[in-house]
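A short write-up of the structure that comes next.
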Amino acid sequence: MLATKPFGVFVEIDGQPDALGLVEMTAFRRGGELPAVGVYLDAVVVDHAAHNWQVRLRQPE
C-alpha cells in the first residue's frame, strides 16, 4: 500500500511498475481497520483506464 486518502487506498501492483491501483473505501468493511502502508493486499480488478495505467480494485469476496 502506498497511501491512504479519504476516498480510498492507493496501491502498487506487482509486476506492473507503471500502474497505480485504487481500492475505494467502500470496498473495505465499515468500521474495520485499513491496511498499513507496506502491507500486501489480495485484490480483484474491477475496472481500468489503459491511457493512464490506473486500475480500480476491490478485495476478493
Side-chain angles (χ1 to χ4, degrees):
M1 186 173 79
L2 293 173
T4 302
K5 299 293 180 188
F7 51 85
V9 174
F10 287 103
V11 297
E12 292 177 323
I13 300 173
D14 279 350
Q16 299 297 324
D18 295 329
L20 180 63
L22 172 65
V23 183
E24 295 176 346
M25 289 298 186
T26 57
F28 294 102
R29 280 182 246 141
R30 182 171 285 173
E33 287 189 30
L34 295 177
V37 172
V39 171
Y40 281 88
L41 300 174
D42 286 326
V44 177
V45 173
V46 176
D47 194 13
H48 77 284
H51 69 280
N52 61 5
W53 289 79
Q54 291 183 352
V55 180
R56 200 170 100 221
L57 306 164
R58 69 169 169 77
Q59 291 183 305
E61 295 179 11

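The figures here come from the full heavy-atom set of this structure, side chains too, leaving out hydrogens, waters and symmetry mates.
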Hey, quick one: are [X] and [Y] part of the same hydrophobic cluster, counting side-chain heavy atoms closer than 4.5 Å, chains of contacts allowed?
X	Y	answer
Leu34	Leu41	yes
Met25	Val44	no
Leu20	Trp53	no
Phe7	Val46	no

Answer whether the closest heavy-atom distance between the side chains of [X] and [Y] falls below 4.5 Å.
X	Y	result
Glu24	Arg56	yes
Asp14	Tyr40	yes
Phe28	Pro35	yes
Asp47	Gln54	no

Counterpart residues, side chain to side chain contact (heavy atoms under 4.5 Å, CB included), relative to Ala49 (two or more places apart):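 For Ala49 the side chain to side chain contact (heavy atoms under 4.5 Å, CB included) partners, ignoring immediate neighbours, are His51, Asn52.
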
Matching residue for Val11 among Val55, Leu57, Leu2 - test: side-chain contact (heavy atoms from CB on, under 4.5 Å):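 Result: among Val55, Leu57, Leu2, Leu57 is the only option passing the side-chain contact (heavy atoms from CB on, under 4.5 Å) with Val11.
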
Nearest-0.5 Å distance, CD1 of residue Ile13 to NE2 of residue His48: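 Ile13 atom CD1 to His48 atom NE2 measures 11.0 Å (nearest 0.5 Å).
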
